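To start, the structure under review is shown below, and the notes come after it.
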Amino acid sequence: MKIGLVFSTLFSMLQIISCGPVTDLRNFADTDLYPPELLELISEDENSIKLLFNENIKIGNSPVISPDCGEASYTVNEAALLIEFPEKQEPGKQYSIEASVNDEKGNSMSFIAPFYGYNPRLPEVIINEFITQGSSTHPDMVELFIRTAGNTAGMWIIEGTPEDPDDNFVFPSCEVNSGDFIIIHFKPQGIPEEKDEVLEAVDDSGGLDASETARDFWVPGGGGLSGNNGVITLYSSHGGRLLDGVMYSNRTAVSDEDYSGFGSSSTLEKVLQLYAEEGWKSPTGSYADYPLPEDGINPDDSTATRSICRSSSPADTDSSADWHITPTSGSSFGEINTDEVYSP
């Protein structure tokens, strides 16, 4: 209900129940009654974070960082709040900020917001292979290929997008080298043998499809990927930049009349965000084109052992042209991808 309608209704009710004159509340209909809204929190560098709001703000209670990073100082510039602290954040470590802010009308908001320590050594990494049609013995999983050495601390892989995440995983601090593989298991059994391999050894983990040639990580409580219609994204951190993304669908623009054929508003919104961040495009189009299900990778021919993968020398044009489905038993998690293509 619009706020003007609320006051109009209230004014009419007061006229009915009151025996005397009442104050005309309609003059308040355009008054700002809403507190500021936190839009984004960004780790600027190892010693600062920036918070962006939907309107100009003033500080109420001084910000408190937990765990402590030393006595913080802050600067307000219209709708932006920059917080600096003397001690460096630990890469990938979860912190929180607690503060309150006011807008120019005096509306206030208190909040506690999480963030992850800035990582100055992120590797160059791509999504390299995945299974969405997993089975009870070969569950859904995603492989990353590391192109340059670095540390994975704080990286965030999502089934979906930051605005609408389903199963997701924040990476711990882990040193990686060029040519390494990482496997993220999206449907673990939850057994003790499923260990996140953060140390040098890559054969410490058990569990279904644990690899002896790749680092295994397990999504806590993961229920698996959407089988036929979805988005997978990889970000530098919570609130960070998009590193890579894929879109897959077996639908078409005429599958149904609503949501451009994607079947739900949720899936369409995820795809729109991936396009907006220039993470996907049609094979012959541009990032600005309105997305269609046909632009994605069609997973229909994939199975628990016929994975969806890039080539052995992976190109990254942000389109389905980079991808193919392997022959039966052709999945190559933890190894160089096969260039063989499934033929029905």
Side-chain angles (χ1 to χ4, degrees), residues 38-52 63-70 72-74 80-97 112-128 142-163 165 167-186 195-202 214-220 232-246 273-274 277-279 316:
L38 177 60
L39 300 178
E40 190 173 8
L41 192 160
I42 306 167
S43 291
E44 289 278 277
D45 53 42
E46 294 174 278
N47 292 92
S48 67
I49 57 174
K50 179 183 285 186
L51 293 82
L52 303 178
V64 176
I65 305 296
S66 181
D68 185 33
C69 290
S73 60
Y74 61 86
L81 170 61
L82 177 66
I83 300 175
E84 300 175 284
F85 24 86
E87 298 179 15
K88 291 183 178 181
Q89 306 162 37
E90 182 180 329
K93 184 174 183 176
Q94 184 170 355
Y95 295 84
S96 67
I97 174 174
I112 300 176
F115 65 96
Y116 289 82
Y118 179 82
N119 183 355
R121 296 184 53 248
L122 277 174
E124 182 182 338
V125 57
I126 57 172
I127 299 170
N128 195 48
V142 176
E143 178 193 80
L144 305 182
F145 178 66
I146 307 299
R147 286 179 155 176
T148 61
N151 191 291
T152 63
M155 286 195 326
W156 188 24
I157 189 166
I158 314 168
E159 180 196 6
T161 56
E163 279 70 23
D167 287 340
N168 60 93
F169 182 81
V170 176
F171 284 85
S173 177
C174 178
E175 290 292 322
V176 291
N177 297 307
S178 174
D180 284 355
F181 296 95
I182 294 175
I183 299 174
I184 304 94
H185 300 264
F186 271 82
K195 300 176 183 178
D196 292 339
E197 295 171 335
V198 297
L199 302 178
E200 185 174 349
V202 297
R215 296 189 182 277
D216 293 288
F217 292 93
W218 309 82
V219 178
I232 303 168
T233 53
L234 177 67
Y235 283 81
S236 60
S237 65
H238 276 261
R241 61 187 173 88
L242 179 69
L243 301 177
D244 198 15
V246 295
Q273 183 179 351
L274 184 60
E277 296 189 47
E278 298 189 351
D316 188 15

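Everything numeric in this text was worked out from a predicted model, so none of it was measured.
- Taken to the nearest 0.5 Å, the NZ atom of Lys93 stands 7.5 Å off from the SG atom of Cys69.
- Remark: Phe171 engages Phe169, Phe217 in a ring-ring contact (aromatic ring centres under 6.0 Å, His included) (not counting sequence neighbours).
- Annotation: salt bridge (Lys or Arg N to Asp or Glu O under 4.0 Å) contacts of Glu175 (sequence neighbours excluded): Arg121.
- Residues that satisfy the salt bridge (Lys or Arg N to Asp or Glu O under 4.0 Å) test with Glu124, not counting sequence neighbours, are Arg147.
- Residues Phe145 and Val125 fail the side-chain proximity criterion, which asks for heavy atoms closer than 4.5 Å.
- A 6.0 Å sphere centred on CD of Glu200 holds no more than 12 heavy atoms belonging to other residues, nucleotides or ligands.
- In terms of heavy atoms, Pro63 sits closest to Tyr74 at CD-CD2, 3.7 Å.
- For the pair Leu274 and Gly245, the tightest heavy-atom approach, listed with the atom from each and the gap, is CD1-CA, 4.0 Å.
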Quiz prompt | Asn47/Lys88 under side chain to side chain contact (heavy atoms under 4.5 Å, CB included): CA gap, chis, key distance, verdict | solution = CA-CA 5 Å; Asn47 292 92; Lys88 291 183 178 181; 3.7 Å; yes
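- Nearest heavy-atom pair, Arg241 versus Leu243, reported as atom, atom and distance to 0.1 Å: NH1-CD2, 3.2 Å.
- Rounding to the nearest 0.5 angstrom, the gap separating the CD1 atom in Ile184 from the CD1 atom in Ile157 is 4.0 Å.
- In plain terms, the two heavy atoms of Asp216 and Glu197 that are nearest each other are N-OE1, 2.8 Å.
- With sequence neighbours excluded, the residues that form a side chain to side chain contact (heavy atoms under 4.5 Å, CB included) with Ser173 are Asn151, Ala153.
- Looking only at atom types and distance, the side chain of Glu90 has no donor-acceptor partner in the side chain of Tyr116 under 3.5 Å away.
- Checked against side chain to side chain contact (heavy atoms under 4.5 Å, CB included), Val176 has the following partners two or more places apart in sequence or in another chain: Pro123, Ile146, Thr152, Cys174, Asp180, Ile182, Arg215.
- Residues meeting the side chain to side chain contact (heavy atoms under 4.5 Å, CB included) test with Tyr118, sequence neighbours left out: Ser43, Glu46, Gln89, Pro120.
- Residues satisfying the salt bridge (Lys or Arg N to Asp or Glu O under 4.0 Å) criterion with Glu87, sequence neighbours excluded, are absent altogether.
- For the pair Val170/His238, a side-chain contact is recorded, criterion being any heavy-atom separation below 4.5 Å from C-beta on.
- Ala113 and Leu41 get closest at one heavy-atom pair: CB-CD1, 3.9 Å.
- Looking at Leu242 and Thr233, their side chains come closer than 4.5 Å, going by heavy atoms from C-beta outward.
- At least one side-chain heavy atom of Val142 sits less than 4.5 Å from a side-chain heavy atom of Ile232.
- Partners of Asp244 under the salt bridge (Lys or Arg N to Asp or Glu O under 4.0 Å) rule, at least two apart in sequence or in another chain, are Arg310.
- Looking at heavy atoms from C-beta onward, Leu82 lies in side-chain contact with Glu44 at the 4.5 angstrom threshold.
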Exercise. Could you walk me through whether Leu51 and Leu38 pass side chain to side chain contact (heavy atoms under 4.5 Å, CB included), step by step?
Key: CA-CA 7 Å; Leu51 293 82; Leu38 177 60; 3.8 Å; yes
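- Residues passing the side-chain hydrogen bond (donor to acceptor under 3.5 Å, both in side chains) test with Ser236, sequence neighbours excluded: none.
- Asp68 is linked by a side chain to side chain contact (heavy atoms under 4.5 Å, CB included) to nothing, counting only residues two or more places apart in sequence or in another chain.
- Within the structure, the salt bridge (charged side-chain N to carboxylate O under 4.0 Å, His left out) test picks out no pair touching residues 149-162 (sequence neighbours left out).
- Ile42 has its side chain within reach of Leu52: a pair of non-hydrogen atoms, C-beta onward, lies under 4.5 Å apart.
- Here the side chain of Glu143 pairs no donor or acceptor atom with the backbone of Ile183 at under 3.5 angstrom.
- Between the side chain of Trp156 and the backbone N or O of Asn168 there is no donor-acceptor pair closer than 3.5 Å.
- Between Ile112 and Ser96, the shortest heavy-atom distance links the atoms CG2-CB, 4.2 Å.
- Applying the ring-ring contact (aromatic ring centres under 6.0 Å, His included) criterion to Phe115, with sequence neighbours excluded, gives Tyr95.
- Within the 4.5 Å cutoff, no side-chain heavy atoms of Thr148 are placed close to those of Asn177.
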